[in-house]
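Data block below; observations after.
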Amino acid sequence: MSEQGYFGEFGGSFIPEILVATFEELIAAYEEARADPAFWKTYVDLMGNYSCRPTPLTEAVNLTRHFGGARIFIKREDLNHTGAHKANNVMGQGLLIQRMGKKRVIAETGAGQHGVATATMAAKFGLECTIYMGEVDVARQRPNVFWMERMGATVVPVTEGSRTLKDAINEAFRDWVTRMDDTHYALGTACGPHPFPEMVSWFQSLIGEEARRQVLEQAGCLPSRVYACVGGGSNAMGIFGGFFEDDVELVGVEAGGAGLDSKAHASRLASSDATLGVAQGYKTYFLQNPDGQMNETHSVAAGLDYVGVSPILAHLSQTGRVRFEAATDEEVVDALSLTMQKEGLIPALESSHAFVQAFKEAPLMSPDEVIVINQSGRGDKDIFTIADAFGDPEWEAFIQKKAKEYDAR
Amino acid sequence: MSEQGYFGEFGGSFIPEILVATFEELIAAYEEARADPAFWKTYVDLMGNYSCRPTPLTEAVNLTRHFGGARIFIKREDLNHTGAHKANNVMGQGLLIQRMGKKRVIAETGAGQHGVATATMAAKFGLECTIYMGEVDVARQRPNVFWMERMGATVVPVTEGSRTLKDAINEAFRDWVTRMDDTHYALGTACGPHPFPEMVSWFQSLIGEEARRQVLEQAGCLPSRVYACVGGGSNAMGIFGGFFEDDVELVGVEAGGAGLDSKAHASRLASSDATLGVAQGYKTYFLQNPDGQMNETHSVAAGLDYVGVSPILAHLSQTGRVRFEAATDEEVVDALSLTMQKEGLIPALESSHAFVQAFKEAPLMSPDEVIVINQSGRGDKDIFTIADAFGDPEWEAFIQKKAKEYDAR
Amino acid sequence: MLADYIRKRREDRDILLMTHIVAGYPSFDDSLRIVEQMVEGGVDLMELQVPFSEPIADGPVILHANQRSLEAGSTVDRCFEFAEAVSQRFDIPFVLMTYYNILFKFGVQEFADRMAAAGLRGAIVPDLPPEEAGDYLEAMGRNELDPIFIFSPNTTDTRMSLISSRAGGFVYCVARKGVTGAETSFSADFEAYLSRCSAATELPLALGFGVKDAADVDFLRGQVDIAVIGTETLRVVDERGVEAVRGFIEELR
Amino acid sequence: MLADYIRKRREDRDILLMTHIVAGYPSFDDSLRIVEQMVEGGVDLMELQVPFSEPIADGPVILHANQRSLEAGSTVDRCFEFAEAVSQRFDIPFVLMTYYNILFKFGVQEFADRMAAAGLRGAIVPDLPPEEAGDYLEAMGRNELDPIFIFSPNTTDTRMSLISSRAGGFVYCVARKGVTGAETSFSADFEAYLSRCSAATELPLALGFGVKDAADVDFLRGQVDIAVIGTETLRVVDERGVEAVRGFIEELR
Ligand SMILES: Cc1ncc(COP(=O)(O)O)c(C=O)c1O
Ligand SMILES: Cc1ncc(COP(=O)(O)O)c(C=O)c1O
């Protein structure tokens, strides 16, 4: 049996027979592209001309002063077109779609970030586009649905299961099974069957490549530690990718939700609640019950609220190359608030998880040391969630007034 | 009498005596900075490390194909940190504030874009910050108010006059008069008393500098025409600045609102409704009644909804160097919609005005010709306005549901 | 083994019927009554699906049944009890259908042992390709259980041979691209596909995904050994009640 | 000219009072009654403000009055009629106060002519610095109207001289940084400031911005020629009605 797509005991490809040919085609296209330096150049150029890569590495002078420890640098994936690192993966897969000659793209989305990025890519590449999104997420992330629809995508609410991200993934697979000839499924994170974990990580590796170069240039040395939040794991794999060969500690931060002992979290690797399993086409740690049924998870950040985790990260956790921590919802809101006030940056709630852990450790480090935090996305897309997280009464009054205007129509 | 700050018959400095010394100080600081190449370098570096300059110039392949005329390139100011060209000016003035040793910054804001940019800069530079915003705008642009407050700024609703942008400017001057020792007023556009029109244009000239270099690199030639929307005129001055010496037609697009013959517009130079006047500290064309009282203006784009216009642009209109056109609200929504669907870009409603005019002209031009549109900002910050402009019923239902949740608390 | 049963039974019948239920949907009591109706209606073998929270290869109807069964408290243990009860009580072979995680979490070896103990005859695990099935095949073999695999129209000939070499009982042929229950249209390529399937394996062939009435069954007569009726019986239960199942099955031949 | 009137009047009074109204606020009828009350209360001269939609140098109270007057339909023409009426009827000098755009749109020359025709004696235009005032000075001069300019605490000595050289009637000294009506605290620097003002000009000095009761007026006695009561009378009208104005003025000295 082929060991393709395994990272230690994690990964693999657990897919229905009907998708096997499609995956073979995808793997072939991916491997061809990966072996072709012109493809990478096209990709880098596209990201330079359409998004704003290289994204800056911003030195957080005020936060550094505030904590009085390590020098803090922030990698600014929030400045990507559509507002997050998700754009990297999606544009890369868009180029692969062109290579494969497909005409339609589908994707799952939780928070909506990956859906917006995919709809954007589809518009740019002239592809038909369907986005699967849990009904619960459609309801709470309407702004993103609005943009996807305006960009010409069809957004299909998924009404089964927990009606969130994992169900949207299932539904996307269901679509793919019926239309694999003309359709590519652009999975949004470094999860799923081979080649997705590896391929998505490859596209995201731009982040780490740039960050390594930039930190050497700006700080004159490698960082002691690099922090990234971990949902599926793509932004983390992206930035970590630049530092695997270096003596740099890599720290992944998962959603601690209401606390690791509350069960209301989404920590697969930082908690001991997850166990090895096989679902959604791959083997990794899942938050599941003893029967193997997936649990409901919780996080203030929709993008981290997922039962599984990249098999590559599961492996790196096992080997000890990446350390995993968790940040609670409350800590996240505090870190976000501090970052806004000190630096004028608005990290996404997802990204803020990485900030929490960095803020815990920076003060204990020496001023000679440097750390890098990956700001995977911008928070201003999530005003509904963030305003609720802050419990802003003026915001509530504004929405109530707006609703009355609509009622009066 | 000094002719400082005049552009033809426009401009000047009509300020209360109490501000004269403050303006002298500002002018001195500005002239010193302008004469100091290190200042510009610091500014460019800051914009490179904190925002994502140079912002890309994106070739709009699909729109070009759609219109079948000139090759369309789009300058991506939407990718700036905080989502618009406003950041350029604000960060530049931030550096000046540091030079002057002031501890507090104030600003007016209409749409909220400049307010958010200023609050961001204040957070980054550790300044106390007060933003004046018309009460009407506070009510309709609550998301921006939310972000300003989270960044630590105080937002003061202005309850007099039309309670919009011009009233916020008046109020900011009122504040400045009482606290000019420690306070800088960071005006948001290329209007107001000298040195603001010239200084703001200087900071924004980064846009044109980059765009010229990029279009030569990417298209191999200069553009035939460059399009920019014109509110106060800063983004237009910014991009035009790169092409003044060239044989390039410059087109400024004002808010046509409900149509130029409706009076419900904000076209100072493209319509014949405006007359020469002196207000808010400078001389230019104003939309005013025969007594010299300012009219109420209208635009779907809050950032263009202003009675005056940059004295520099008024002059360039008079000399014929810049051509002025107007785009109606309806045309703007159509152009926005097309741009989203064809390119996956979301121009701000303001920026969409420039797209309207470019779309009218591109099909009539030859495929050998190149045009550049300045996408001054991103539209996704304005979802409330854009959703209303589209009349999206699902959005309304979402808001109504959200309001009910809040009601139930 | 199952293949023998199927070949034997085919001596009397020109096509066999295999039906499918989701254990515990709408309840275990109902499941039992549905099995009863099906057996009385004359089905030749049955798939019992152990519900899984992420049934990636199932269409909306079966997906829904999985969810409802779990919500009603269905557990793997309870499903085995149910399987044991029906295989003792009814004189047709039962095979289990579920997703790999259910086996994996249980322990693949233990799961196979337990299947055997419950009197089940084989298993269909749609998200377990033969490449990943080492432990599973071993466990199934040790318990003399048939590992049923799937062919699809885009499975290459080489791969069909590979699959066949691992498979037991019968091969489940997917009639068209798509998840269970979508509208089937037997295309021009259909015959070519079926002859590829027959050529690739000695095992009997079952054809599934979308079979829903006597006309569909008629069409398959002589072409495959087993017509699989999956989603449609769930629809009958949902729309016309448990008691309608027997009549529905009877009308199929 | 005004300076002579002021010097003359100062022979009898140790301080003069100048009050301010916004023409047409709350209405022109009320404005007339307020002037009447003020004159009866003994003010020595008055500022009539022609409302402007963008009164950049005025504080909230006067700003508000500007807006309300305009909303009530006040026009420049109506303000001139009003000015003419009061200067005919009352035996004190009236000066006009407004922003430059009102003059500019009207035509600066025509505006000055019209002021003169209405019997006004001078004008205060707070957003017109002397550097921009060429046309204005000429027009005022031709009509023998006094162009009243402003000193502020951060006006340099040189600039004071420049301003003084252009000014007529009196110089309006701003007592503290700030817009009209803000709380005044006469700081230690105050005396130094006033002596700089006196040294810079031969013209009488008026002191404004924030004077609000007899104590304030007392404090100014002997230091300047004119105490300007601006915002405070508007407050009296707003809070205690038109009829209270006379008493308020009388109590000031
Ligand atoms: C801004 C942002 N960061 C992080 C994530 C988590 O995904 P991943 O772990 O794949 O980077 C998301 C997912 O939506 C996101 O939107
Ligand atoms: C995105 C955007 N574009 C344009 C403008 C208009 O300003 P200006 O004419 O100074 O560029 C604004 C003002 O808020 C804006 O937000």
Side-chain angles (χ1 to χ4, degrees), chain A residues 1-6 11-25 158-163 166-167 169-183 192-194 275-284 286-296 307-308, chain C residues 50-60 63-68 70-71 74-79 98-106 111 125-134 137 149-156 159-160 163 166 171-174 176-180 182-183 209:
Chain A
M1 321 250 150
S2 144
E3 283 298 312
Q4 203 189 33
Y6 269 92
S13 183
F14 295 82
I15 50 174
E17 180 57 29
I18 193 140
L19 278 175
V20 167
T22 307
F23 269 90
E24 278 171 1
E25 182 194 357
V158 176
T159 55
E160 289 297 335
S162 56
R163 294 169 298 146
K166 72 175 178 55
D167 311 283
I169 294 180
N170 292 338
E171 209 55 38
F173 274 117
R174 262 175 219 118
D175 176 314
W176 208 11
V177 160
T178 65
R179 291 194 56 177
M180 59 269 193
D181 289 346
D182 71 340
T183 297
H194 180 71
T275 53
L276 200 57
V278 176
Q280 309 210 304
Y282 68 113
K283 186 187 286 184
T284 194
F286 286 100
L287 289 162
Q288 53 184 335
N289 76 11
D291 262 7
Q293 313 294 355
M294 297 301 139
N295 292 338
E296 301 240 335
V307 289
Chain C
V50 177
F52 179 46
S53 59
E54 321 301 318
I56 208 167
D58 282 301
L63 165 62
H64 181 81
N66 274 260
Q67 299 290 349
R68 292 304 89 76
L70 289 173
E71 279 166 24
S74 179
T75 60
V76 173
D77 220 55
R78 184 76 188 77
C79 290
T98 194
Y99 288 82
Y100 186 52
N101 200 46
I102 299 297
L103 285 72
F104 184 81
K105 269 298 274 185
F106 201 93
F111 196 91
V125 187
D127 66 341
L128 185 68
E131 290 87 347
E132 301 279 4
L137 288 172
F149 281 97
I150 294 168
F151 285 173
S152 95
N154 51 19
T155 307
T156 59
R159 189 171 169 81
M160 281 186 180
I163 292 171
R166 310 262 155 86
V171 172
Y172 195 130
C173 304
V174 176
R176 66 181 289 279
K177 297 167 195 170
V179 288
T180 51
E183 197 67 29
F209 289 21

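So you know, we letter chains A, B, ... as the sequences are listed, proteins then strands, and number each from 1. Predicted model only: the values in this text are computed from it and were never measured.
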Most contacts with chain A, counted as non-hydrogen pairs under 4.5 angstrom, among C:V125, C:D77, C:T155, C:V50: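 That would be C:T155.
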Please report the interatomic distance [atom1]([X]) to [atom2]([Y]), rounded to the nearest 0.5 Å.
| X | Y | atom1 | atom2 | answer |
| --- | --- | --- | --- | --- |
| A:D291 | C:R78 | CG | CZ | 13.0 Å |
| A:L19 | C:D127 | CG | CG | 11.5 Å |
| A:E24 | C:T156 | CD | OG1 | 6.5 Å |
| C:E132 | A:K283 | CD | NZ | 7.0 Å |

Quick one: of A:T22, A:T275, A:N289, A:V20, who has the most non-hydrogen atom pairs under 4.5 Å with chain C?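 Top option by heavy-atom pairs under 4.5 Å: A:V20.
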Structural part of A:P193 lying under 4.5 Å from a heavy atom of chain C: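 Interface part for A:P193: neither.
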Given heavy-atom pairs under 4.5 angstrom as the criterion, report whether the side chain, backbone, both or neither of A:L276 touches chain C.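 Both backbone and side chain.
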Could you tell me which non-hydrogen atom of [X] sits nearest to which non-hydrogen atom of [Y], and how far apart they are?
| X | Y | value |
| --- | --- | --- |
| A:G292 | C:F52 | O-CE1, 3.0 Å |
| C:I56 | A:G281 | CD1-N, 4.4 Å |
| A:S13 | C:P129 | O-CG, 3.3 Å |

Name the region of [X], side chain, backbone, both or neither, that has any atom closer than 4.5 Å to a heavy atom of chain A.
| X | result |
| --- | --- |
| C:P51 | backbone |
| C:L70 | side chain |
| C:F149 | neither |
| C:L103 | neither |
| C:F104 | side chain |
| C:E54 | both |

Please tell me if the side chains of [X] and [Y] come closer than 4.5 Å, counting only heavy atoms from C-beta onward.
| X | Y | answer |
| --- | --- | --- |
| A:E17 | C:C173 | no |
| C:N66 | A:E160 | no |
| C:N101 | A:Q293 | no |

Walk me through whether C:N154 and A:M180 qualify under side-chain contact (heavy atoms from CB on, under 4.5 Å). CA-CA 10 Å; C:N154 51 19; A:M180 59 269 193; 2.9 Å; yes
